[in-house]
Amino acid sequence: MIFQDETGKRWFKVKALFFTSLLMLLVYVSLFILHRYGVVNLPWINPFTGQLFAVMKQAFIAYLFVAIVIGFVRMFIIYVFCFKHYRKNKLLIEYQKINKNHLKNFRPSVTVIIPVYNEEVVIRRTVRAILKSDYPVAEILVVDDGSTDQTAEIATKMFHLWDKVKVIKKVNGGKSSALNLGFKQAIGDIVITIDADTVFHKSTISRLVENFSDPRVAAVSGNCKIGNKINQITLWQHIEYVTANQLEKRAFEELNCITVVPGSNSAWRKSVVQKLGYYHKDTLAEDTELTLRILNAGYKIIYEDRAISYEECPETVKDFIKQRNRWSYGILQVAWKHKKNILTSSNKTLKYFAVPSLLFSYLLLLTSPLIDFIFIAAILSGTSSIYLFALLFYLTDFLNSFIAFKIGKEKMKPLMWVFIQRIGYRYLLAYVTWTAIIRAFRGNQVGWRKLNRSGNNDYKV
């Protein structure tokens, strides 16, 4: 596993650097206090401290200004290509209506893979929804990765009358190994992957599959929605999902640089996945890692906003942090693994826009608590320049979500929480990001840390 360091040498070096820096800071503060109370005479320390704080203030204002400028340029690019995608899709829908008889002839064989581990609470609804699909799937493979509950038994008992539903049991080896086993046994030319907590709309598979009529397409990402909007933390995730899907995914498809095809709602051309060596086991973000290999190989990835699914998201802060720790750590692993491939990639939009956007987002997350602190300090001290910059930062956030909800035809009511969401949510994500970075330095082995299912997905099958 990438970043794993059983010797602990890397973490020792990091701690040595940190404590050396901390010691130097304590020495400086001690000298300042001793000078202030006349114990020692250091005439240089007051002017130096004043200059230091002035430089730090100017540096922060410059950082905030540059961040806002980069943010606006990034969002302008996303808006342009998002609306281009939106207009193109409207024309495509009209074309499909006119040529629906011809398009019906494209019916590749499809296998659906559901990797499961202790999913007895939710597996029934997931399989039942796929059986009600308007697309005739060839088979549904429930790959049980060594569950210790009744998942395999429930799936076998509930769906034994359907020959297309097959339960495959294996020794626990992680999600990527379960997916790989499914791919190797799949008879379909197109493979759909879905998480056990996710429920498909009856037309989702049809919408995913029709994009493969273009032989250049290797993967299709569906439109993942939250199915258990039951409290504040799930509403915050709903805002995040809608904003990411309706703005970034649309724009990134136009630029052919979608960086993640989520395993909860995705379709893959099996021959391409086989050619590229299936899922790799050295990261916790196996879907992101495979997505980057597909892009670097020169294939197209599509975002299909009409391929709708509803999934169960974490309902408590503890579960949210557990899930996002895994995601953040996995993305760091993927970025590190592919750093050379990205720099030499022939996909210029991936190299010059998608990856820098991802790094920029991480930088904002890491520094967001500082931005909020300075914003409050600016209000109290009356420093208008910082106040205006920070206010502009928050308004831009709101505008992104508003436009995304408008495009996605979502109810606007959740946006009344967007300002609180942007502050509270950012602190959680900042904590998660810092934790992931520290774990990477520590070199600890990080497991899947699977969430417990509540079964609160309220989408009606």
Side-chain angles (χ1 to χ4, degrees), residues 1-36 39-40 42 44-64 66-67 70 282-285 317-318 320-340 342 355-356 358-377 386 423-447 449:
M1 187 72 74
I2 291 174
F3 294 144
Q4 191 169 340
D5 178 21
E6 295 179 355
T7 65
K9 290 180 179 179
R10 183 171 64 238
W11 183 235
F12 176 79
K13 292 177 182 177
V14 171
K15 286 195 295 184
L17 179 62
F18 172 77
F19 285 113
T20 300
S21 302
L22 182 61
L23 180 61
M24 292 172 65
L25 178 62
L26 289 173
V27 169
Y28 181 83
V29 171
S30 300
L31 290 174
F32 181 82
I33 293 172
L34 291 172
H35 171 75
R36 185 174 182 85
V39 178
V40 295
L42 300 171
W44 56 270
I45 202 164
N46 282 338
F48 179 80
T49 303
Q51 290 177 0
L52 182 63
F53 275 101
V55 169
M56 290 173 61
K57 179 181 176 182
Q58 292 302 316
F60 180 77
I61 293 175
Y63 164 73
L64 202 57
V66 170
I70 293 175
D282 53 356
T283 77
L284 292 179
V317 171
K318 181 180 178 180
F320 175 82
I321 290 173
K322 185 190 296 184
Q323 181 197 65
R324 296 310 173 94
N325 260 323
R326 187 181 75 239
W327 288 7
S328 296
Y329 189 82
I331 290 171
L332 286 175
Q333 289 175 313
V334 172
W336 185 259
K337 177 179 178 178
H338 285 278
K339 57 185 184 297
K340 291 183 180 178
I342 290 168
V355 173
L358 180 64
L359 296 176
F360 177 71
S361 299
Y362 264 76
L363 182 62
L364 285 183
L365 284 175
L366 292 170
T367 58
S368 57
L370 180 62
I371 292 173
D372 292 331
F373 174 78
I374 298 295
F375 180 55
I376 294 170
I386 296 179
I423 295 173
Y425 208 58
R426 269 206 312 274
Y427 280 107
L428 289 176
L429 291 176
Y431 170 76
V432 164
T433 307
W434 276 110
T435 302
I437 290 173
I438 291 170
R439 282 185 172 165
F441 279 119
R442 287 177 68 95
N444 293 352
Q445 184 174 358
V446 179
R449 308 178 79 197

field: Stepwise side-chain contact (heavy atoms from CB on, under 4.5 Å) check, K13 with F441
entry: CA-CA 9 Å; K13 292 177 182 177; F441 279 119; over 6 Å; no

field: Verdict with supporting geometry, Q333 and D282, side-chain contact (heavy atoms from CB on, under 4.5 Å)
entry: CA-CA 8 Å; Q333 289 175 313; D282 53 356; over 6 Å; no

message: Between W11 and D5, is the side-chain contact (heavy atoms from CB on, under 4.5 Å) condition met? List the steps.
response: CA-CA 9 Å; W11 183 235; D5 178 21; 5.9 Å; no

message: One pair to check against side-chain contact (heavy atoms from CB on, under 4.5 Å): T283 and Y329. What are the steps and the verdict?
response: CA-CA 8 Å; T283 77; Y329 189 82; over 6 Å; no

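Sparse packing is recorded around CZ of R36, with 12 or fewer heavy atoms of other residues, nucleotides or ligands lying under 6.0 Å away. Within 6.0 Å of NZ on K339 lie more than 12 heavy atoms contributed by other residues, nucleotides or ligands.
Contact record, A67 with L364: CB-CD2, 4.2 Å, taken as the closest heavy-atom pair. Between R442 and R10, the closest heavy-atom pair is C-NH2, 4.5 Å. The two residues V334 and A285 come nearest to each other via the heavy atoms CG2-O, 3.7 Å. T433 approaches Y362 most closely through the heavy-atom pair CG2-CD2, 3.5 Å.
In this structure, CZ in R439 is found 13.5 Å from CZ in F3, a value given to the nearest 0.5 Å. To the nearest 0.5 angstrom, S328 atom OG is 8.5 Å from I437 atom CD1. In this structure, CG in L428 is found 11.0 Å from CG in L365, a value given to the nearest 0.5 Å. Here the CZ atom belonging to F320 is positioned 10.0 Å from the CG atom belonging to N325, to the nearest 0.5 angstrom. Considering CH2 of W327 and CG of L429, their distance stands at 10.0 Å, rounded to 0.5 Å. Considering CD1 of I342 and NZ of K337, their distance stands at 11.5 Å, rounded to 0.5 Å.
Listed by chain and residue number, Y63 satisfy the side chain to side chain donor-acceptor pair (under 3.5 Å) test with T367 (two or more places apart in sequence, or in another chain). With sequence neighbours excluded, no residue forms a side chain to side chain donor-acceptor pair (under 3.5 Å) with T20.
The main-chain N or O of I321 is never found under 3.5 Å from a side-chain atom of R326 such that the two would form a donor-acceptor pair.
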Less than 3.5 Å apart, which donor and acceptor atoms pair up between the side chains of residues 46-55 and the rest of the protein, not counting sequence neighbours?
| from | atom 1 | to | atom 2 | distance (Å) |
| --- | --- | --- | --- | --- |
| T49 | OG1 | Y28 | OH | 2.5 |
| T49 | OG1 | I45 | O | 2.7 |

